[in-house]
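Read the structure below first, then the notes.
This one's a predicted model, so the numbers in the text were calculated from it and none came from an experiment. Counting begins at 1 with the first residue of the sequence.
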Amino acid sequence: MFDLNKSDEELEAEVKKAEAAARTSTIRGRIFAGALIVFVVAGFIITLVIGYQGAKEETERDDQSKERMDTNPEKAVAYLKDQYEQRVWQNGKKTYVLSYTFEANGHSYDGKCEVVSLPKQQTEWVYYDPQNPNMNKLRLEAAREGQITGSSIRKSFWAGALGKAVGWVIIYIAFEGVRRWRRK
């Protein structure tokens, strides 16, 4: 508050001080907001780059596994699970998604395969990459191309989850900074 017992010059000096303080506060707020925007955009870009690099490396590993599967695959007995998913396409065609398990190098692995007709027996041959048994393919005459592997689904999930977590942390830091700045 202004003391009205002061002279006009003193009051004018206090008004100028208050205006200068308001300008300084506004400038600081703009600098903070600008820095905050730069921080959020940089975090978003970093998240995109990390996600892209992870996806690129995963694709390269999968391509190498597919090449090894084509040139030198290992073979194991796959045990088909009793339950399957039936899909009906827009053209009326039915397909079935089979799940199976097999053992390689003392470990158990899972896989899925989409087929146009159900197999008559509960075991089939599965071919897999000896260096990455998660990359595998059930060999049925009715199998469709585009084998789904459990490892690629899990890796994509974790890459996306990491990107989202980093994004949420950046947003939290940004909002916390704004909240603290407004309290001052």
Side-chain angles (χ1 to χ4, degrees), residues 14-71 73-74 81 83-85 87 89-90 95 97-102 104-114 126-138 143-184:
E14 282 189 36
V15 167
K16 286 183 181 179
K17 278 184 182 178
E19 288 174 346
R23 278 193 303 273
T24 302
S25 177
T26 302
I27 291 170
R28 285 182 184 155
R30 288 181 181 164
I31 290 171
F32 179 77
L36 184 64
I37 289 170
V38 167
F39 181 70
V40 168
V41 168
F44 180 73
I45 290 171
I46 289 169
T47 301
L48 287 177
V49 168
I50 289 171
Y52 173 76
Q53 288 296 327
K56 183 179 174 186
E57 289 171 5
E58 181 180 341
T59 301
E60 289 173 358
R61 280 192 305 270
D62 286 351
D63 289 346
Q64 291 170 352
S65 282
K66 286 177 185 175
E67 186 176 317
R68 282 191 298 269
M69 278 182 54
D70 290 341
T71 58
E74 291 286 328
K81 295 183 180 176
Q83 296 178 346
Y84 56 87
E85 177 187 346
R87 294 183 181 170
W89 297 89
Q90 289 179 349
T95 59
V97 178
L98 305 175
S99 297
Y100 58 91
T101 61
F102 68 97
N105 305 325
H107 298 287
S108 180
Y109 296 92
D110 297 318
K112 290 187 177 186
C113 180
E114 189 168 4
V126 64
Y127 293 86
Y128 64 92
D129 174 14
Q131 294 179 17
N132 180 13
N134 284 314
M135 183 63 68
N136 56 72
K137 185 180 276 190
L138 194 63
R144 291 170 46 105
E145 286 300 317
Q147 185 78 16
I148 302 168
T149 62
S151 65
S152 62
I153 293 170
R154 284 190 298 274
K155 287 176 187 172
S156 298
F157 169 79
W158 287 113
L162 175 65
K164 288 176 185 155
V166 169
W168 281 113
V169 167
I170 290 170
I171 289 170
Y172 172 77
I173 290 169
F175 280 113
E176 192 64 26
V178 169
R179 189 173 61 82
R180 287 183 183 173
W181 175 72
R182 287 190 177 201
R183 285 184 187 169
K184 290 182 180 181

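Residue-environment remark: CD (Glu60) exceeds the threshold of 12 foreign heavy atoms within 6.0 Å.
Residues Tyr100 and Lys112 share a closest heavy-atom pair of CE2-N, 3.6 Å. The heavy-atom pair separating Ala104 from Tyr109 by the smallest distance is O-CE1, 3.5 Å. The two residues Thr101 and Lys81 make their nearest non-hydrogen contact at CG2-CE, 3.6 Å.
A distance of 9.0 Å separates CG in Asn136 from CG in Asp110, rounded to the nearest 0.5 Å.
The closest side-chain heavy-atom distance from Phe102 to Leu138 is not below 4.5 Å. In this structure, the side chains of Val97 and Arg87 come closer than 4.5 Å at one or more pairs of heavy atoms.
A distance-only check finds no donor-acceptor pair linking the side chain of Asn105 to the backbone of His107 [under 3.5 Å]. When atom types are taken as modelled, the side chain of Asn132 and the backbone of Asp129 share no donor-acceptor pair closer than 3.5 angstrom.
Every residue was checked against the salt bridge (charged side-chain N to carboxylate O under 4.0 Å, His left out) condition with Glu57, not counting sequence neighbours, and none meets it. Residues satisfying the salt bridge (charged side-chain N to carboxylate O under 4.0 Å, His left out) criterion with Lys16, sequence neighbours excluded, are Glu12.
A donor and an acceptor atom, one from each side chain of Tyr128 and Asn134, are nowhere located under 3.5 Å apart.
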